[in-house]
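As structure tokens, the structure follows; a few thoughts come after it.
The structure presented is a predicted model; accordingly, all values stated were derived computationally and were not measured. Throughout, protein chains are lettered first and strands after them, A, B, ... in sequence-line order, and every chain is numbered starting at 1.
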Protein chains: 2
Amino acid sequence: MFSIGQLSKQTGVKVPTIRYYEQVGLLVSAGRTEGNQRRYDKGGLERLGFIRHARDLGFSIEAITALIDLQQHPDRSCQEATLIAQHQLTDVREKLLRLKALEAELVRIADGCDGEGNSEECYVLASLADHQHCRGEH
Amino acid sequence: MFSIGQLSKQTGVKVPTIRYYEQVGLLVSAGRTEGNQRRYDKGGLERLGFIRHARDLGFSIEAITALIDLQQHPDRSCQEATLIAQHQLTDVREKLLRLKALEAELVRIADGCDGEGNSEECYVLASLADHQHCRGEH
DNA sequence: TCTACAACCTCTAGTCACTAGAGCTTCAAG
DNA sequence: CTTGAAGCTCTAGTGACTAGAGGTTGTAGA
């Protein structure tokens, strides 16, 4: 049996975050000692590890709730889980595209200026004021 | 002179967002009609355009406040603005690296499963439960 | 067995950058 | 002069935590 602090150390999830996960129903309520402190078993450790991993991969709490739900119903098709993962992948790819475009423009802006001179003629500020220079959307 | 709605249409920034920007001091308080409605001139339009562009590039409100501050003090060196932009670029590049790693793992997870069978043997769920398979950090 | 104190508990409020809604007033076209 | 879209303020909600206050419990050492 682990205390919440031990669980935290083993998973790398902060103590208040564990309590928060329980509060929003992501983690089933832990058993308690007579003095009302939470105690976890190996199962609890594994569930939190799952959540941690999924959160690290950017899955929303909502998506993780759905995945855990699927785990608890082994009769249900795996297709749903795959759909959630693929949706997440699409999401990540969209963000990647956006970020790449931003990087390009920031390079243009940040490197276009030698850092000398005063801000009246600053290239950074001029670039931000004038959207015209931008290639592509945002 | 523009109303807040016209300003919104021209810049693509939603009306409540414009009011929010004013509230947090990002946009100087607009002049008002006798009936207390905001009226903007060309300067206001340009300032909001600047903010919009910077937000699109992911600059925080705090960073934008600093940039606007620099604009208002043309005697100050441009170096500070360049620093802010470079900091933002570093940030974007870090996010890019992280996202690329996530993409790789999501491909592994989402494509490793044919979507058939039940969730007991689902590769997505197994992968999320078991961190061991992961290459690299997260 | 006692004591000290780290770790636990609950609850509320704060973070960021908005967004939504209630309930009211003003502006402008017909 | 009427109508209704657009404006106003204020409060509260979003997601995923994080921080702090103020009180209680568990446990290691004396």
Legend entry - Residue that, paired with B:S8, satisfies side-chain contact (heavy atoms from CB on, under 4.5 Å) out of B:I18, B:T17, B:V13: B:I18
May I ask you to evaluate whether [X] reaches the phosphate of [N], defined as a side-chain N or O under 4.0 Å from OP1 or OP2?
X: B:S3; N: C:dC27; value: no
X: B:R52; N: C:dA17; value: no
X: A:R38; N: C:dC9; value: yes

Legend entry - Which residue lies more 5' along DNA chain D, comparing B:I4 with B:Q23 via nearest heavy atoms: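 Of the two residues, B:I4 wins.
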Inset, instruction - Answer with yes or no whether the side chains of B:E80 and B:H73 bring together a donor and an acceptor at under 3.5 Å. - result: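 B:H73 vs B:E80: no donor-acceptor pair found between side chains.
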Legend entry - Flag if over 12 foreign heavy atoms under 6.0 Å of CD, B:E62: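 Atom CD in B:E62 is not crowded, with 12 or fewer foreign heavy atoms closer than 6.0 Å.
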Legend entry - B:E22 bridged to B:R32 by N-O distance under 4.0 Å: yes
Inset, instruction - Assign each of B:Q37 and B:E62 to its nearest nucleotide of DNA chain C by heavy atoms, then name whichever residue's nucleotide is nearer the 5' end. - result: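 By nearest-heavy-atom nucleotide position, the 5'-most residue is B:E62.
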Inset, instruction - Identify, between B:N36 and B:I61, the residue whose nearest nucleotide on DNA chain C lies closer to the 5' end. - result: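 The 5'-side residue here is B:I61.
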Legend entry - Boundaries of the chain A footprint along DNA chain D (any atom under 4.0 Å from a heavy atom):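 Nucleotide range in contact with chain A: D:dA16 to D:dG26.
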Legend entry - Atom of B:A81, atom of A:V124 and distance for their closest heavy-atom approach: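 Nearest heavy atoms, B:A81 then A:V124: O-CG1, 3.9 Å.
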Inset, instruction - Would you name the heavy atoms of B:L57 and B:Q88 that are closest together and state the gap between them? - result: O-NE2, 3.0 Å
Legend entry - Flag side-chain contact, heavy atom, 4.5 Å: B:I51 against B:I68: yes
Inset, instruction - Indicate yes or no for a side-chain donor-acceptor contact from B:D91 to the backbone of B:E94 under 3.5 Å, with no hydrogens or angles considered. - result: no
Please report, rounded to the nearest Å, how far the [atom2] atom of [N] is from the [atom1] atom of [X].
X: A:F2; N: C:dA7; atom1: CZ; atom2: P; result: 17 Å
X: A:Y40; N: C:dC8; atom1: OH; atom2: P; result: 10 Å
X: B:D56; N: C:dA17; atom1: CG; atom2: C1'; result: 13 Å

Legend entry - Proximity to DNA chain D (any heavy atom under 4.0 Å), residues of residues 10-22 of chain B only: B:R19
Inset, instruction - Would you sort out whether A:Y123 and A:R108 count as a side-chain hydrogen bond (donor to acceptor under 3.5 Å, both in side chains), showing the intermediate values? - result: CA-CA 10 Å; A:Y123 188 72; A:R108 187 176 68 69; 3.2 Å; yes
